[in-house]
Amino acid sequence: MNIQTLLNTRIQDAMIIAGAPEGSPAIVRQSAKVQFGDYQANGIMGVAKKLKMNPREFAQTVLDRLDLSDIAEKVEIAGPGFINIFLKTEWMAQEVARVLLDARLDVQKVNQPQTIVVDYSSPNLAKEMHVGHLRSTVIGDSVVRTLEFLGHHVIRQNHVGDWGTQFGMLLAYLERLRKENTAVSMVLSDLEVFYRKAKTCFDEDSEFAVRARELVVELQSGNEQCLALWDEFIDISLTHCEETYKMLGVSLKREHVMPESAYNDDLPTVVAELDEQGLLKESEGAKCIFMEEFANKDGEITPVIVQKTGGGFLYSTTDLAALRFRQHTLGFDRGLYFVDARQSLHFQQIFTLGRKAGFVKAETRLEHMPFGTVMGSDGKPFKTRSGGVAKLSALLEEAQERAYTLVSSKNPDMAEDELKNIGRVVGIASVKYADLSKNRTSDYVFNWDNMLSFEGNTAPYLLYAYSRIASIIKRSDINMDTLNGPLLLNSDQERALSVKLLQFAESVDQVAADGMPHFMCSYLYDLAGVFMTFYEACPILTSEAEVKASRLLLAANTASTLKKGLELLGIETLERM
Ligand code: ARG
């Protein structure tokens, strides 16, 4: 249990014994200032108000029933009724030493693991992955890693778009290239170009357009030749995605792909079941669901359309089928969808409808994890210099080159191989970290100089801090396995670093609860900062043996925590750079 949860539980128990209603929250937070202690509980005031008691008096009643003597050296009432908690230094000294011996850094697995479906990345296979897919892919992957670390059973679902009318056009173009004996693999090596060429033919050549429409019908009716062509196209497109995942260090594999087309056979059943439940209504020939919940202030309802006039199914129908599959077949307890904020209404509707129709159990938690847009410096969605959509693979190449140039200038004597590797790690980390460190729900501006800077909350700053600490440990020439606690926490800086180290578990829990990796980024950035302050005030290698050993333990613990935190973000570390 992390410290915050432990304090929350203990204080809440004491509040209830003191007369607070069941479930009254203690609201324990990390204190913003040292004079307020390490943690502060501010739930007392709200409860005292309900009980019509003087808050400071109620706080005293709670304190009389609260025993924190094992972990706190001082617990005091402050202001209108806050409870300030000062952790016991000896306790921390033991804890930090203990954490270091534990590969999990004292983050315990959850008592009740859940089956969690995480729907992320999910690009459309008609085109190549672009910068818009970065967020879903890297944020989703980091949350997946965190949930798995906590012991949950995570099922990755890459809900790729592999069906729909655009495929007719692409197949018609593929067919034409085949007839002309053009080397198809070459043309397909750049899907963006392929798509553009197909689109031009479609727009300018009426015969081609007719063939494209025919192919859509053939594809839908299961024509074998047509399916073979489609299979080939999908395979190439997925290979492109996999290359990008590999470059990004993202854990998605072929087996996690659960494409839209996989639900094709379920779509008529979904519509039939909605009909059985009496939920369907015809509107202009289309099958729709009108839910009161989605009425605007004039009472107009945006319906969910599940089948078009003419019989075609839609994105929504597939998502309902996916919900049904995730409940019936995968048996999920929680579903997280990392998809652009612009699809919020879609997901609210699908989730509400999925419950109404009985596709999902009432107790299953469904969460759309929306994210904002990656913007250019012009305040518009990020584009390449020529104004096209920024291909993700090209962007990642550029990141590695820029990082390489940067680290080469800093290390003129380093071997080429190592420079290349550092360039790769720093480049990829910079792009990922820039994305992960922003609040998920806001838009952010894509800026090379900021993300590659060695100052501020950036990947280069953290990677550099890590490598610096790693080198201090190496230079000490001490076998770290022979060191043990308790530590000597005699200065404010040593104490502050220890508190920070012990708060790692809180950040892990926060990322898992809210699906927001920026909490981990802020924590790691703070930790590196607290370490630097400690390092300036407390020399390590030149101190006498006992002090040196204790400070080395603190350094080693900081290094493992940075490494583990970055690993949960999906970021590689470097022992030197
Ligand atoms: N392919 C969709 C898009 O590019 C995203 C799919 C997200 N997942 C889902 N279950 N709808 O917009």
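Basis for what follows: all heavy atoms, side chains included, without hydrogens, waters or symmetry-related copies. All values reported here derive from a predicted model rather than from experimental measurement. Residue numbers count from 1 along this sequence.
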Under a 4.5 Å cut-off applied to non-hydrogen side-chain atoms, are L171 and F233 in contact?
-> yes
Angle class for the F208/F202 ring planes (parallel below 30°, perpendicular above 60°, tilted otherwise)?
-> perpendicular
For residues L452 and S430, report the shortest heavy-atom separation together with the two atoms involved.
-> CD2-OG, 3.4 Å
When you check the gap from the basic side-chain N to the acidic O, do E242 and R254 get nearer than 4.0 Å?
-> yes
Got a salt bridge between R402 and E398, using NZ or NE/NH1/NH2 to carboxylate O under 4.0 Å?
-> yes
Carboxylate-amine/guanidinium proximity below 4.0 Å for R211 and E214 = yes
Please say whether more than 12 non-hydrogen atoms of neighbouring residues, nucleotides or ligands are located less than 6.0 Å from CZ in F351.
-> yes
For residues S221 and N223, is any side-chain donor paired with an opposing acceptor at under 3.5 Å?
-> no
Heavy atoms only: give me the nearest T146-V508 pair and the separation to one decimal.
-> CG2-O, 3.5 Å
When you check the gap from the basic side-chain N to the acidic O, do E232 and R178 get nearer than 4.0 Å?
-> yes
At their closest point, which heavy atom of A321 faces which heavy atom of L267, and how far apart are they?
-> CB-CD2, 3.9 Å
Calculate, to the nearest 0.5 Å, the distance between atoms CG and OG belonging to L501 and S560 respectively.
-> 9.0 Å
Minimum side-chain heavy-atom gap Y337-Q343 below 4.5 Å | no
Is there side-chain contact between T115 and L330, with heavy atoms separated by less than 4.5 Å?
-> no
Got a salt bridge between R334 and E367, using NZ or NE/NH1/NH2 to carboxylate O under 4.0 Å?
-> yes
Any side-chain heavy atom of M169 sitting closer than 4.5 Å to one from R213?
-> no
Under 30°, 30 to 60°, or over 60°: which ring-plane class applies to W448 and F446, parallel, tilted or perpendicular?
-> perpendicular
M516 backbone acceptor or donor facing D514 side chain under 3.5 Å | no
Where F519 and V511 come nearest, the two heavy atoms and their spacing | CB-CG2, 4.3 Å
Taking the side chain as every heavy atom from C-beta outward, state whether I116 and F332 have any atom pair closer than 4.5 Å.
-> no
Take V360 and L366 through the test side chain to side chain contact (heavy atoms under 4.5 Å, CB included) and record every step on the way to the result.
-> CA-CA 9 Å; V360 218; L366 296 173; 4.2 Å; yes
May I ask you to say whether K474 pairs ionically with E575, meaning some side-chain N is under 4.0 Å from a carboxylate O?
-> no
Any idea how Y263 and F325 line up, ring-wise: parallel (<30°), tilted (30 to 60°), or perpendicular (>60°)?
-> perpendicular
Would you sort out whether H159 and M258 count as a side chain to side chain contact (heavy atoms under 4.5 Å, CB included), showing the intermediate values?
-> CA-CA 5 Å; H159 188 90; M258 186 61 186; 5.9 Å; no
Distance-only polar pair, side chains of D162 and S261, donor-acceptor under 3.5 Å = yes
Is any NZ, NE, NH1 or NH2 atom of the basic residue among D340 and R342 found under 4.0 Å from an Asp or Glu carboxylate oxygen of the other?
-> yes
For the student: nearest non-hydrogen atoms of A559 and I469, plus distance | CB-CG2, 3.9 Å
After noting the C-alpha distance and the side-chain angles of Y315 and E260, does the key distance pass the side chain to side chain contact (heavy atoms under 4.5 Å, CB included) rule?
-> CA-CA 8 Å; Y315 183 57; E260 289 189 8; 3.8 Å; yes
Which of R326, H368, M369, R156 passes side-chain contact (heavy atoms from CB on, under 4.5 Å) with D119? Answer is R326
salt_bridge(D205, R176) N-O dist < 4.0 Å = yes
pair I350-S316: side-chain heavy atoms closer than 4.5 Å | yes
What do you reckon, is CD of Q225 surrounded by more than 12 foreign heavy atoms closer than 6.0 Å?
-> no
Could you please spell out the steps behind the side chain to side chain contact (heavy atoms under 4.5 Å, CB included) verdict for D141 and V138?
-> CA-CA 5 Å; D141 205 54; V138 304; 5.7 Å; no
Side-chain donor/acceptor pairs under 3.5 Å, residues 403-416, sequence neighbours excluded:
unit_1 : atom_1 : unit_2 : atom_2 : d
Y404   : OH     : E416   : OE1    : 3.2
Y404   : OH     : E416   : OE2    : 2.6
T405   : OG1    : E401   : O      : 2.9
S408   : OG     : Y404   : O      : 2.5
S409   : OG     : L406   : O      : 2.7
N411   : ND2    : V407   : O      : 3.1
E416   : OE2    : K420   : NZ     : 3.3

Is the backbone N or O of E455 less than 3.5 Å from a side-chain atom of S453, with the two atoms forming a donor-acceptor pair by type?
-> yes
Please tell me if the side chains of K287 and I305 come closer than 4.5 Å, counting only heavy atoms from C-beta onward.
-> no
Compare every heavy atom of M129 with every heavy atom of S121, then report the nearest pair and how far apart it is.
-> OG-CE, 3.7 Å
Taking the side chain as every heavy atom from C-beta outward, state whether Y466 and L574 have any atom pair closer than 4.5 Å.
-> no
Between K564 and E567, is there a side-chain N and carboxylate O pair less than 4.0 Å apart?
-> yes
So, N158 side chain and H256 main chain: donor-acceptor pair closer than 3.5 Å or not?
-> no
Hey, are E128 and K391 close enough for a salt bridge, meaning a charged N less than 4.0 Å from a carboxylate O?
-> yes
